[in-house]
Each structure stands twice: as C-alpha cells, then as structure tokens.
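Here the structure comes first, spelled out in structure tokens, and everything after it is commentary.
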Amino acid sequence: MTPLPLKLLSSMATRDVLQEMVSRYQVDTARPVHSEAAGGVDVARRVQGGEAVDIVVLASNAIDKLIEGRKLIAGSRVDLVRSGIAIAVRANSLRPEVGTEDAVRSAVLAAGTVSYSTGPSGVYLEKMFERWGILEAIRNRIVVPPPGVAVASLVASGAAELGFQQLSELKNVPNVEVVGPLPPEIQSMTIFSGGISVSCADPEAARRLLDFMASPATAAAKLRHGMEAAAARA
C-alpha cells in the first residue's frame, strides 16, 4: 500500500530548491511528498494555527520559535541551506554599481522606488537603512509587496526600480536582471531549516527526508538555485 504523502510547507525563498530535492527524493524512494510554499509570515501563522503539516521549512529563527511554541518537535531542526541577499533591476534598465557599501547606499538613494520583502532579508535591510540614516528619506519610495507577491514580480513590472531579495527568488525570473549580491561587508546570510510537526503521523519518514535534503547529494541543486549547503549545526 502506498504511504500517505508527507506534506511539506515552506517559505517562498526555498520553494524551487525544495521542489527539485523533493522530486529526486520521490524518484529514489517512491515516498510521495506534497510540497507547498507561501510567504514566511503566513507559513508561521498557519502552523501556529494548527494546520496539519508534516515538515516546515523556514528561516532558522522562525523554526526555533515554532519549536518553543510546541508546534514542531523538540530537537527536530535540521539546517538545510544558506542564502544571501541580492539586488535586481528590470531587464534592459540601468544597472547601478553595487560593489561596495557606499555604492549600494547611493543606488538606494538614487532609485525612484525600492522594494524588499517582509521576511528576514527585509528586516535586515530596514535596520541597515536606518543605520545609514536614510530610512525616513526613502520611506515614501518603498514598495511593500502585498501578501503572496514576490519582489521579483514588482521589479519585472516596473513597480519597483530596485529590488532586494534572497538570490533564489530573483534568479531566472523573466524580465528581471540580478545586478549582484550585497557586498561582503553588508551581506546577511539566512539559514533556512526544516522541522517536524508535532502532528506528523510518521516522524521517522519526515526525518529521513530532512536528512536527505541536508546531505551532500543535494549540494549541486542548492547551488543551481543561488544557495549553498548550510554548515553543520553545532
């Protein structure tokens, strides 16, 4: 008898890489997996609300909060990928210089509109703009993505002149060009981790899937999607 599919719920940042890894896992093991993605804030809210799910993949701090809230099994966190922030513009438009912190600051000040997510990268960027002393000056030019709308789509449509997002969410999007990553001195790497729901009917199967997604066998897939393998957790 075919086992029931494992349900995996993730943020948009990891949607594509998870789909590739899940597809390979299903071929290798014949274990069905249903993968769904939504905004990270929405995913956390749904899990907090008790939605039936087996595995949750979010930024590591969000996974820790769900474990603390007893929505995910204690000790089930597995770090999967590290992802950095990149900058994008609409295809065939002017590409600003973004190789240094000063250049990025100048590009932000020069842009007519700027967009970033409400997730980990957006929180980091807003604090950085505040530290630079420019947040209030650009606030009326910030385009906040509506729920379920990606920063890349705002850039592609011209609604945002400059977009900041996880590289995985900007790569290979039609009508969007990635200018480059944030320079090393201001880059922020987010670790995305998986955890097993307390309502999971088959925690051992869920753990096997998480272990596969964290294994060296998936390193190439992560690179293809603009991410890298997460360092082993101490």
Side-chain angles (χ1 to χ4, degrees), residues 1-84 119-121 166-169 171-172 188-234:
M1 185 175 68
T2 303
L4 291 173
L6 290 170
K7 181 178 178 181
L8 188 158
L9 185 60
S10 77
S11 62
M12 296 299 293
T14 55
R15 178 188 60 183
D16 293 342
V17 69
L18 290 177
Q19 285 181 347
E20 180 172 342
M21 293 191 291
V22 161
S23 294
R24 177 175 170 184
Y25 186 78
Q26 291 181 112
V27 169
D28 290 349
T29 67
R31 178 70 195 235
V33 181
H34 173 71
S35 180
E36 181 184 343
V41 174
D42 186 43
V43 169
R45 178 187 58 77
R46 288 164 59 179
V47 176
Q48 288 282 9
E51 180 170 330
V53 63
D54 295 303
I55 298 170
V56 182
V57 177
L58 290 169
S60 57
N61 63 333
I63 291 295
D64 287 343
K65 287 180 181 177
L66 290 171
I67 290 173
E68 290 167 9
R70 299 183 181 180
K71 299 300 181 180
L72 301 180
I73 296 172
S76 69
R77 172 180 152 185
V78 176
D79 295 341
L80 302 176
V81 294
R82 281 163 43 91
S83 176
S121 60
Q166 303 290 337
L167 176 59
S168 59
E169 295 188 68
K171 284 189 69 172
N172 305 318
S188 174
M189 301 296 289
T190 298
I191 295 176
F192 289 93
S193 308
I196 302 170
S197 171
V198 294
S199 64
C200 178
D202 194 345
E204 290 185 5
R207 182 66 190 218
R208 286 194 294 272
L209 174 56
L210 283 175
D211 286 345
F212 167 75
M213 294 193 295
S215 73
T218 61
K222 292 165 184 175
L223 289 175
R224 278 194 293 274
H225 292 278
M227 296 181 164
E228 60 188 53
R233 193 180 181 201

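Nothing fancy with the numbering, it's 1 onward along the sequence.
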To the nearest 0.5 Å, atom CD1 of I196 lies from atom CD of E204 at 9.5 Å
In this structure, OG of S76 is separated from CD1 of I67 (nearest 0.5 Å) by 4.5 Å
N/O donor-acceptor pair under 3.5 Å between S60 side chain and S193 backbone:
no
Should K171 and H225 count as side-chain neighbours, where that means a heavy-atom distance under 4.5 Å?
-> no
_Can you confirm whether L209 sits close enough to L8 that some side-chain heavy atom of one is under 4.5 Å from a side-chain heavy atom of the other?_
yes
* Is the shortest side-chain N to carboxylate O distance from D42 to R45 below 4.0 Å? -> yes
d(S10 OG, E36 CD) to nearest 0.5 Å is 8.5 Å
Heavy-atom nearest pair, K222 first then M213, reads NZ-O, 2.7 Å
On a heavy-atom basis, the closest approach of A221 and E20 is CB-OE2, 3.5 Å
- Message: When you measure from the side chain of S197 to the backbone of V53, do you find a donor-acceptor pair of N or O atoms at a distance under 3.5 Å?
- Response: yes
Nearest heavy-atom contact between A217 and R24 is O-NH1, 2.8 Å
So OG1 of T218 and CG of L223: to nearest 0.5 Å the spacing works out to 9.5 Å
Q) Hey, are the side chains of F192 and V81 touching, using non-hydrogen atoms and a 4.5 Å cut-off? A) yes
Scanning both residues in full, the closest heavy-atom pair of S199 with A52 reads OG-CA, 4.4 Å
Heavy-atom closest pair (D202 atom, L6 atom, distance to 0.1 Å) is O-CD2, 4.5 Å
Taken to the nearest 0.5 Å, the spacing of L58 CG from L9 CG works out to 7.5 Å
Practice prompt. Without swapping roles, check the side chain of D54 against the backbone of K7 for a donor-acceptor pair under 3.5 Å.
Written response: yes
* To do: Compare all side-chain heavy atoms of L66 with those of Q48 and state whether any distance is below 4.5 angstrom.
  => yes
Working for side chain to side chain contact (heavy atoms under 4.5 Å, CB included), residues D16 and R224 | CA-CA 10 Å; D16 293 342; R224 278 194 293 274; over 6 Å; no
Pair L80, T14 - check side chain to side chain contact (heavy atoms under 4.5 Å, CB included), show working. CA-CA 10 Å; L80 302 176; T14 55; over 6 Å; no
Here the gap from Q166 atom CD to M12 atom CE, rounded to the nearest 0.5 Å, amounts to 12.5 Å
Between S11 and G40, the two heavy atoms sitting closest are CB-CA, 3.9 Å
